[in-house]
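A short worksheet on the structure shown next.
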Amino acid sequence: MDFSAAGKASTEAKRFLARLGLDQNLVKRIAIAMYEGEMNIAIHGGGGSAELEISTDKVEILFQDKGPGIADLELAMTEGYSTASEEVRSMGFGAGMGMPNMKRNADSMIVDSEPGAGTRISLMFNLSKTGPER
Amino acid sequence: MKVEDIVRILDAKIFAGEEQLSLDLNSACGADLMSDVMAFVKDRVVLLTGLMNPQALRTADLLDIKVVVFVRGKKPTADLVEMAKEMGMTLMTTKYSMFLACGRLYEAGLRGGGVRGID
Ligand SMILES: Nc1ncnc2c1ncn2[C@@H]1O[C@H](COP(=O)(O)OP(=O)(O)OP(=O)(O)O)[C@@H](O)[C@H]1O
Ligand SMILES: [Mg+2]
């Protein structure tokens, strides 16, 4: 497996959001969540896409893949649960923390997945708290 | 604790970011699984890891971690050194294992670390 490029989009998105002048902590939260989603698509989803949309009051990220889907979402959301192979673990993934990290960092997380039908995850981050006064 | 202190305490060799020797750090995270690092939100962190790949540096970069120590004598490849320079990151290698490297830093006064509740 060659993952050398996986995670690059998040690094670029982080730079871009920082240049827009968004709050540093918010940028970090978005970057973490995006990275976890990106890595899951590379590792479990067999490749897919991540779209980032920025509006005046929120940032939304939509991840889509046509991989095997998630059979038990509750398990997948549990800290420490992972189906990652030994090979994947040797590359630094498989702590079973990615999905919980996405949930913790986003203001909302919607997962739409079915075995065999791929996975769609949408994350939303409110900008209002760091607000218009800036 | 300054980066130069970490270099001394871990008897480490620097591969990138020599210009940050006086950077001050107050917490450390030792992990080989990057999502465990992502769950660790702290400022002024040094990451100790046995993982040697681009994702280790990307994880550090996303979390604004400026100093990465590779344990067990693993030397970064030229590609990783280049990447670290672009990211403005200090990379070093220590001969100590993860346990000994963390222990030495803790003993020398670097005590900050993430603590999470058990439920
Ligand atoms: N896009 C996806 N397609 C199919 N299965 C997925 C997808 N994303 C997550 N999963 C499943 O959910 C589990 C938990 O995901 P999570 O990101 O929390 O952990 P992980 O990726 O295994 O490890 P880590 O993220 O800590 O490196 C995965 O092990 C996998 O079984
Ligand atoms: Mg994951």
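Letters A, B, ... are given to chains in the order of the sequence lines, protein chains preceding strands, and every chain is numbered from 1. Since the model is a prediction, treat every value here as computed from it, not as a measurement.
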Path from A:Leu123 to A:Leu62 over hydrophobic side-chain contacts below 4.5 Å: no
B:Ser35 vs A:Glu36 side-chain heavy atoms within contact, under 4.5 Å: yes
Side-chain heavy-atom pair B:Leu33, A:Arg89 within 4.5 angstrom cut-off: yes
Rounded distance [0.5 Å steps], OH in A:Tyr35 versus CG in B:Asp61: 10.0 Å
Enclosure of B:Glu107 CD (heavy-atom neighbours >12, cutoff 6.0 Å): no
Heavy-atom contact with chain A under 4.5 Å, split by part of B:Asn53: side chain
Heavy atoms of other groups near A:Arg120 CZ, more than 12 under 6.0 Å: no
Side chain proximity check, A:Met97 to B:Met38, heavy atoms < 4.5 angstrom: no
CE-OG1 distance between B:Met83 and A:Thr11, expressed to the nearest 0.5 angstrom: 6.5 Å
B:Glu4 atom CD: more than 12 heavy-atom contacts under 6.0 Å: yes
Under 4.5 Å from a heavy atom of chain A, the part of B:Asp79 involved: neither
Option in A:Gln24, A:Met39, A:Met34, A:Lys8 with maximal non-hydrogen atom pairs under 4.5 Å from chain B: A:Lys8
Cluster check B:Phe70, B:Val7: I/L/V/M/F/W/Y, side chain < 4.5 angstrom: no
NZ/A:Lys28: more than 12 non-hydrogen atoms of other groups inside 6.0 Å: yes
B:Gln55 side chain near A:Met91 side chain, heavy-atom distance below 4.5 Å: no
Within one Ile-Leu-Val-Met-Phe-Trp-Tyr cluster: B:Leu57 and B:Leu23, side-chain cutoff 4.5 Å: no
Joint cluster assignment, A:Met99 & A:Ile61, ILVMFWY side-chain distance < 4.5 Å: yes
Proximity breakdown for B:Leu51 and chain A, heavy-atom pairs closer than 4.5 Å: side chain
Closest-packed option against chain B by number of heavy-atom pairs under 4.5 Å, given A:Val27, A:Ile32, A:Asn105: A:Ile32
